[in-house]
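A, B, ... follow the sequence lines: proteins, then strands. Residue 1 opens every chain.
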Protein chains: 2
Amino acid sequence: MRQAHHPEQAEITLTEVMAALSDPIRVGLVRVLADGHERGWGELRAPVAKSTLSHHLRVLRDAGLTRTRQEGTRCYVALRREDLQARFPGLMHVVLTAAEIDDIGRQVGVKGGLAG
Amino acid sequence: MRQAHHPEQAEITLTEVMAALSDPIRVGLVRVLADGHERGWGELRAPVAKSTLSHHLRVLRDAGLTRTRQEGTRCYVALRREDLQARFPGLMHVVLTAAEIDDIGRQVGVKGGLAG
DNA sequence: TTCGATGTTTCACGAACATCGAACGTAGGA
DNA sequence: TCCTACGTTCGATGTTCGTGAAACATCGAA
(Lines give C-alpha, C1' and ligand atoms only; values in the text may rest on other atoms or scores of the structure.)
Protein backbone atom coordinates (compact mmCIF):
# COMPACT_ATOMS: atom_id res chain seq x y z
CA MET A 1 0.00 0.00 0.00
CA ARG A 2 2.88 2.32 -0.69
CA GLN A 3 2.17 5.76 -2.04
CA ALA A 4 1.04 5.46 -5.62
CA HIS A 5 2.56 7.37 -8.47
CA HIS A 6 0.78 10.35 -9.90
CA PRO A 7 1.89 11.91 -13.18
CA GLU A 8 2.74 15.60 -13.16
CA GLN A 9 0.27 17.84 -14.91
CA ALA A 10 2.60 18.15 -17.88
CA GLU A 11 3.01 14.39 -18.08
CA ILE A 12 -0.67 13.78 -18.65
CA THR A 13 -1.19 12.62 -22.23
CA LEU A 14 -4.30 12.92 -24.33
CA THR A 15 -4.25 9.36 -25.58
CA GLU A 16 -3.88 7.95 -22.08
CA VAL A 17 -6.78 10.06 -20.86
CA MET A 18 -8.86 8.87 -23.78
CA ALA A 19 -7.95 5.27 -23.06
CA ALA A 20 -8.88 5.73 -19.42
CA LEU A 21 -12.26 7.10 -20.44
CA SER A 22 -12.98 4.27 -22.86
CA ASP A 23 -14.47 2.04 -20.16
CA PRO A 24 -17.97 2.68 -18.77
CA ILE A 25 -16.97 1.76 -15.23
CA ARG A 26 -14.22 4.34 -15.25
CA VAL A 27 -16.48 6.98 -16.77
CA GLY A 28 -18.91 6.17 -13.97
CA LEU A 29 -16.20 6.68 -11.39
CA VAL A 30 -15.29 10.02 -12.94
CA ARG A 31 -18.94 11.03 -12.83
CA VAL A 32 -19.16 10.15 -9.15
CA LEU A 33 -16.12 12.33 -8.51
CA ALA A 34 -17.27 15.11 -10.80
CA ASP A 35 -18.73 17.23 -8.01
CA GLY A 36 -15.23 17.80 -6.72
CA HIS A 37 -15.78 15.99 -3.45
CA GLU A 38 -13.15 13.58 -2.32
CA ARG A 39 -14.57 10.10 -1.90
CA GLY A 40 -13.47 7.23 0.28
CA TRP A 41 -12.57 4.02 -1.49
CA GLY A 42 -15.08 2.08 0.56
CA GLU A 43 -17.77 4.56 -0.38
CA LEU A 44 -17.55 3.63 -4.03
CA ARG A 45 -19.99 1.11 -5.43
CA ALA A 46 -19.37 -0.70 -8.69
CA PRO A 47 -20.50 -4.12 -9.95
CA VAL A 48 -16.98 -5.57 -10.00
CA ALA A 49 -14.66 -7.34 -7.59
CA LYS A 50 -12.61 -5.07 -5.38
CA SER A 51 -9.44 -6.06 -7.18
CA THR A 52 -11.00 -4.96 -10.42
CA LEU A 53 -12.15 -1.69 -8.87
CA SER A 54 -8.63 -1.19 -7.60
CA HIS A 55 -7.38 -1.81 -11.12
CA HIS A 56 -9.73 0.78 -12.62
CA LEU A 57 -8.79 3.35 -10.01
CA ARG A 58 -5.18 2.68 -10.81
CA VAL A 59 -5.76 3.26 -14.52
CA LEU A 60 -7.46 6.56 -13.73
CA ARG A 61 -4.65 7.53 -11.39
CA ASP A 62 -1.90 6.58 -13.83
CA ALA A 63 -3.60 8.56 -16.56
CA GLY A 64 -3.64 11.59 -14.28
CA LEU A 65 -7.41 11.81 -13.97
CA THR A 66 -7.58 11.25 -10.24
CA ARG A 67 -5.47 11.76 -7.17
CA THR A 68 -5.33 9.28 -4.34
CA ARG A 69 -4.57 10.25 -0.79
CA GLN A 70 -3.92 7.89 2.05
CA GLU A 71 -5.01 8.31 5.62
CA GLY A 72 -4.25 5.42 7.86
CA THR A 73 -5.56 2.31 6.16
CA ARG A 74 -8.18 4.27 4.25
CA CYS A 75 -7.64 6.11 1.05
CA TYR A 76 -9.50 8.84 -0.68
CA VAL A 77 -9.91 9.60 -4.35
CA ALA A 78 -10.55 12.91 -6.05
CA LEU A 79 -10.78 14.14 -9.60
CA ARG A 80 -7.86 16.34 -10.73
CA ARG A 81 -10.19 18.83 -12.39
CA GLU A 82 -7.85 21.79 -12.26
CA ASP A 83 -4.90 19.91 -13.69
CA LEU A 84 -7.10 18.50 -16.41
CA GLN A 85 -8.60 21.89 -17.20
CA ALA A 86 -5.12 23.37 -17.48
CA ARG A 87 -3.88 20.54 -19.62
CA PHE A 88 -6.90 19.94 -21.85
CA PRO A 89 -9.23 22.94 -21.49
CA GLY A 90 -12.88 21.99 -21.74
CA LEU A 91 -12.32 18.27 -22.04
CA MET A 92 -13.79 17.20 -18.72
CA HIS A 93 -16.79 19.46 -19.14
CA VAL A 94 -17.53 18.03 -22.55
CA VAL A 95 -17.01 14.46 -21.43
CA LEU A 96 -19.06 14.82 -18.26
CA THR A 97 -21.90 16.47 -20.12
CA ALA A 98 -21.96 13.70 -22.71
CA ALA A 99 -21.71 11.03 -20.03
CA GLU A 100 -24.63 12.54 -18.11
CA ILE A 101 -26.84 12.70 -21.17
CA ASP A 102 -26.12 9.12 -22.17
CA ASP A 103 -26.02 8.03 -18.52
CA ILE A 104 -22.79 6.16 -19.04
CA GLY A 105 -21.48 4.35 -16.00
CA ARG A 106 -24.82 4.42 -14.24
CA GLN A 107 -23.83 1.22 -12.47
CA VAL A 108 -21.29 3.13 -10.46
CA GLY A 109 -22.30 5.08 -7.39
CA VAL A 110 -21.56 5.83 -3.78
CA LYS A 111 -22.78 4.21 -0.61
CA GLY A 112 -26.19 5.66 0.07
CA GLY A 113 -26.40 7.12 -3.41
CA LEU A 114 -28.98 6.26 -6.05
CA ALA A 115 -26.92 3.45 -7.49
CA GLY A 116 -25.75 2.21 -4.09
CA MET B 1 -14.55 -4.24 -50.65
CA ARG B 2 -18.26 -4.17 -50.04
CA GLN B 3 -19.79 -1.05 -48.60
CA ALA B 4 -18.71 -0.66 -45.00
CA HIS B 5 -21.07 -0.09 -42.12
CA HIS B 6 -21.41 3.34 -40.61
CA PRO B 7 -23.22 3.88 -37.30
CA GLU B 8 -26.10 6.34 -37.24
CA GLN B 9 -25.44 9.56 -35.41
CA ALA B 10 -27.49 8.35 -32.45
CA GLU B 11 -25.57 5.08 -32.32
CA ILE B 12 -22.23 6.78 -31.73
CA THR B 13 -21.11 6.10 -28.18
CA LEU B 14 -18.78 8.14 -26.04
CA THR B 15 -16.69 5.22 -24.86
CA GLU B 16 -16.16 3.95 -28.39
CA VAL B 17 -15.10 7.39 -29.56
CA MET B 18 -12.70 7.62 -26.66
CA ALA B 19 -11.29 4.20 -27.44
CA ALA B 20 -10.85 5.20 -31.07
CA LEU B 21 -8.94 8.28 -29.99
CA SER B 22 -6.66 6.41 -27.62
CA ASP B 23 -4.17 5.57 -30.36
CA PRO B 24 -1.74 8.20 -31.71
CA ILE B 25 -2.02 6.95 -35.29
CA ARG B 26 -5.77 7.37 -35.23
CA VAL B 27 -5.51 10.80 -33.64
CA GLY B 28 -3.11 11.68 -36.43
CA LEU B 29 -5.60 10.53 -39.02
CA VAL B 30 -8.31 12.62 -37.41
CA ARG B 31 -5.99 15.62 -37.45
CA VAL B 32 -5.32 15.14 -41.14
CA LEU B 33 -9.05 15.09 -41.78
CA ALA B 34 -9.78 17.96 -39.41
CA ASP B 35 -9.90 20.60 -42.13
CA GLY B 36 -13.05 18.99 -43.44
CA HIS B 37 -11.54 17.94 -46.75
CA GLU B 38 -12.22 14.47 -47.95
CA ARG B 39 -9.01 12.54 -48.45
CA GLY B 40 -8.18 9.63 -50.69
CA TRP B 41 -6.99 6.48 -48.99
CA GLY B 42 -3.82 6.46 -51.02
CA GLU B 43 -3.13 10.04 -50.03
CA LEU B 44 -2.75 9.07 -46.41
CA ARG B 45 0.73 8.50 -45.05
CA ALA B 46 1.32 6.57 -41.84
CA PRO B 47 4.27 4.50 -40.65
CA VAL B 48 2.34 1.23 -40.71
CA ALA B 49 1.50 -1.49 -43.21
CA LYS B 50 -1.50 -0.87 -45.39
CA SER B 51 -3.42 -3.62 -43.66
CA THR B 52 -2.80 -1.88 -40.35
CA LEU B 53 -3.86 1.45 -41.79
CA SER B 54 -6.99 -0.22 -43.08
CA HIS B 55 -7.61 -1.53 -39.58
CA HIS B 56 -7.25 1.90 -37.99
CA LEU B 57 -9.55 3.49 -40.53
CA ARG B 58 -12.04 0.77 -39.79
CA VAL B 59 -11.91 1.49 -36.06
CA LEU B 60 -12.52 5.18 -36.76
CA ARG B 61 -15.36 4.32 -39.11
CA ASP B 62 -16.98 1.87 -36.72
CA ALA B 63 -16.79 4.40 -33.93
CA GLY B 64 -18.58 6.90 -36.12
CA LEU B 65 -15.69 9.33 -36.40
CA THR B 66 -15.26 9.08 -40.15
CA ARG B 67 -17.26 8.29 -43.24
CA THR B 68 -15.90 6.27 -46.13
CA ARG B 69 -17.11 6.65 -49.67
CA GLN B 70 -16.25 4.43 -52.58
CA GLU B 71 -15.64 5.50 -56.12
CA GLY B 72 -14.49 2.84 -58.48
CA THR B 73 -11.62 1.04 -56.82
CA ARG B 74 -10.66 4.12 -54.81
CA CYS B 75 -12.18 5.21 -51.57
CA TYR B 76 -12.32 8.50 -49.77
CA VAL B 77 -12.42 9.28 -46.08
CA ALA B 78 -13.89 12.28 -44.29
CA LEU B 79 -14.40 13.32 -40.70
CA ARG B 80 -18.04 13.33 -39.53
CA ARG B 81 -17.65 16.67 -37.80
CA GLU B 82 -21.29 17.65 -37.88
CA ASP B 83 -22.53 14.34 -36.53
CA LEU B 84 -19.92 14.46 -33.82
CA GLN B 85 -20.73 18.05 -32.96
CA ALA B 86 -24.40 17.17 -32.67
CA ARG B 87 -23.71 14.08 -30.60
CA PHE B 88 -20.92 15.37 -28.33
CA PRO B 89 -20.82 19.16 -28.61
CA GLY B 90 -17.35 20.59 -28.34
CA LEU B 91 -15.55 17.27 -28.13
CA MET B 92 -13.76 17.35 -31.46
CA HIS B 93 -12.72 20.94 -30.97
CA VAL B 94 -11.23 20.17 -27.58
CA VAL B 95 -9.52 17.02 -28.79
CA LEU B 96 -8.12 18.59 -31.95
CA THR B 97 -6.82 21.58 -30.02
CA ALA B 98 -5.09 19.35 -27.51
CA ALA B 99 -3.73 17.11 -30.25
CA GLU B 100 -2.30 20.09 -32.11
CA ILE B 101 -0.60 21.49 -29.04
CA ASP B 102 0.97 18.17 -28.13
CA ASP B 103 1.52 17.31 -31.79
CA ILE B 104 0.04 13.87 -31.32
CA GLY B 105 0.08 11.70 -34.41
CA ARG B 106 2.71 13.81 -36.14
CA GLN B 107 3.82 10.68 -37.98
CA VAL B 108 0.60 10.74 -39.96
CA GLY B 109 0.24 12.99 -42.96
CA VAL B 110 -0.82 13.24 -46.56
CA LYS B 111 1.11 12.75 -49.76
CA GLY B 112 2.98 15.97 -50.40
CA GLY B 113 2.31 17.22 -46.86
CA LEU B 114 4.91 18.03 -44.23
CA ALA B 115 4.96 14.51 -42.89
CA GLY B 116 4.76 12.91 -46.33
C1' DT C 1 1.43 -9.26 19.77
C1' DT C 2 -2.65 -10.91 17.78
C1' DC C 3 -6.71 -9.84 15.21
C1' DG C 4 -9.60 -7.46 11.86
C1' DA C 5 -10.40 -4.07 8.33
C1' DT C 6 -8.80 -1.97 4.14
C1' DG C 7 -6.72 -1.71 -0.28
C1' DT C 8 -2.88 -3.38 -3.31
C1' DT C 9 -0.51 -6.78 -5.82
C1' DT C 10 0.02 -11.19 -8.00
C1' DC C 11 -1.54 -14.79 -10.79
C1' DA C 12 -4.28 -16.81 -14.26
C1' DC C 13 -7.44 -16.62 -18.04
C1' DG C 14 -10.06 -15.36 -22.14
C1' DA C 15 -10.95 -11.52 -25.06
C1' DA C 16 -9.52 -7.69 -27.61
C1' DC C 17 -5.91 -5.09 -29.82
C1' DA C 18 -1.84 -3.62 -32.98
C1' DT C 19 0.87 -5.35 -36.24
C1' DC C 20 2.55 -7.57 -40.47
C1' DG C 21 2.56 -10.35 -44.76
C1' DA C 22 -0.11 -12.83 -47.85
C1' DA C 23 -4.22 -13.96 -50.16
C1' DC C 24 -8.32 -12.14 -51.90
C1' DG C 25 -12.09 -9.47 -54.54
C1' DT C 26 -13.37 -5.62 -57.22
C1' DA C 27 -13.16 -2.29 -60.91
C1' DG C 28 -10.70 -0.26 -64.93
C1' DG C 29 -7.53 -0.45 -68.57
C1' DA C 30 -4.89 -2.88 -72.22
C1' DT D 1 -9.87 -11.82 -71.64
C1' DC D 2 -5.80 -10.87 -68.93
C1' DC D 3 -3.43 -7.60 -66.13
C1' DT D 4 -2.92 -4.09 -62.73
C1' DA D 5 -4.09 -0.94 -58.94
C1' DC D 6 -6.60 -0.49 -54.72
C1' DG D 7 -8.21 -1.66 -50.37
C1' DT D 8 -10.11 -5.41 -47.47
C1' DT D 9 -9.83 -9.63 -45.15
C1' DC D 10 -7.41 -13.56 -43.21
C1' DG D 11 -3.94 -15.87 -40.42
C1' DA D 12 -0.40 -15.51 -37.16
C1' DT D 13 2.02 -13.31 -33.36
C1' DG D 14 2.85 -10.84 -29.33
C1' DT D 15 0.85 -7.37 -26.23
C1' DT D 16 -2.57 -5.25 -23.43
C1' DC D 17 -6.97 -5.27 -21.13
C1' DG D 18 -10.83 -6.58 -17.88
C1' DT D 19 -11.83 -9.77 -14.65
C1' DG D 20 -11.82 -12.49 -10.23
C1' DA D 21 -9.62 -15.29 -6.53
C1' DA D 22 -6.17 -15.39 -3.42
C1' DA D 23 -2.17 -13.74 -1.07
C1' DC D 24 -0.07 -9.81 0.76
C1' DA D 25 0.91 -5.30 3.29
C1' DT D 26 -0.42 -1.76 6.30
C1' DC D 27 -2.64 0.37 10.10
C1' DG D 28 -5.62 0.60 14.25
C1' DA D 29 -7.71 -1.75 18.01
C1' DA D 30 -7.93 -5.20 21.53
- prompt: Within this structure, what is the CE-to-C1' distance between M18(A) and dC17(C), rounded to whole angstrom?
  reply: 18 Å
Distance below 4.0 Å between R58(A) side-chain N/O and dG7(C) OP1 or OP2: no
task: Give the rounded distance in Å between these two atoms: CG of L57(B) and P of dT8(D).
output: 7 Å
query: OP1 or OP2 of dG20(D) less than 4.0 angstrom from a side-chain nitrogen or oxygen of T52(A), does that happen here?
result: yes
statement: Distance col, row L60(B):CG vs L21(B):CG, nearest 0.5 angstrom, shows 7.5 Å
query: Counting only side-chain N and O atoms of H56(A), is one of them less than 4.0 Å from OP1 or OP2 of dT19(D)?
result: yes
- prompt: So, the side chain of R74(A) versus the backbone of E71(A): is there a donor-acceptor pair under 3.5 Å, distance only?
  reply: no
message: Check this one for me: any side-chain N or O of W41(A) less than 4.0 Å away from OP1 or OP2 of dT8(C)?
response: yes
- prompt: Just how far, in rounded Å, is C1' of dG21(C) from NZ of K50(B)?
  reply: 10 Å
Pairing nucleotide - dG28(D), Watson-Crick or G-U, each distance under 3.5 Å: dC3(C)
task: Give a yes or no on whether a salt bridge exists between E82(B) and R80(B), defined as a side-chain N under 4.0 angstrom from a carboxylate O.
output: no
query: Quick one: L21(B) CG to dC17(C) C1', roughly how many Å, whole number?
result: 16 Å
Nearest-Å distance for atom pair CD/C1', residues E43(A) and dT6(C): 14 Å
message: Looking at R81(A) and A78(A), would you say the former's side chain and the latter's main chain have a donor-acceptor pair under 3.5 Å?
response: no
field: Protein-nucleotide distance (R39(A), atom CZ; dG7(C), atom C1'), rounded to Å
entry: 19 Å
message: Determine whether a donor-acceptor pair (N or O, by modelled atom type, separation under 3.5 Å) exists between the side chain of H6(A) and the backbone of T68(A).
response: yes
message: Once hydrogens and angles are ignored, does a donor-acceptor distance under 3.5 Å link the base of dA21(D) to the side chain of S51(A)?
response: yes
- prompt: Is V48(A) touching bases, backbone alone, or none of the nucleic acid, heavy atoms closer than 4.0 Å?
  reply: sugar-phosphate
field: Candidates dC6(D), dG18(D), dT6(C) - which lies nearest the side chain of R74(A)
entry: dT6(C)
field: Distance test, side-chain N/O of T73(A) to OP1/OP2 of dA5(C), below 4.0 Å
entry: no
query: How long is the line joining NE2 of H55(A) and P of dC17(D), in whole Å?
result: 7 Å
- request: Measure the distance from CD1 on I25(A) to P on dT19(D) and round it to the nearest whole Å.
  value: 6 Å
Any R26(B) side-chain N or O less than 4.0 Å from OP1/OP2 of dA18(C): yes
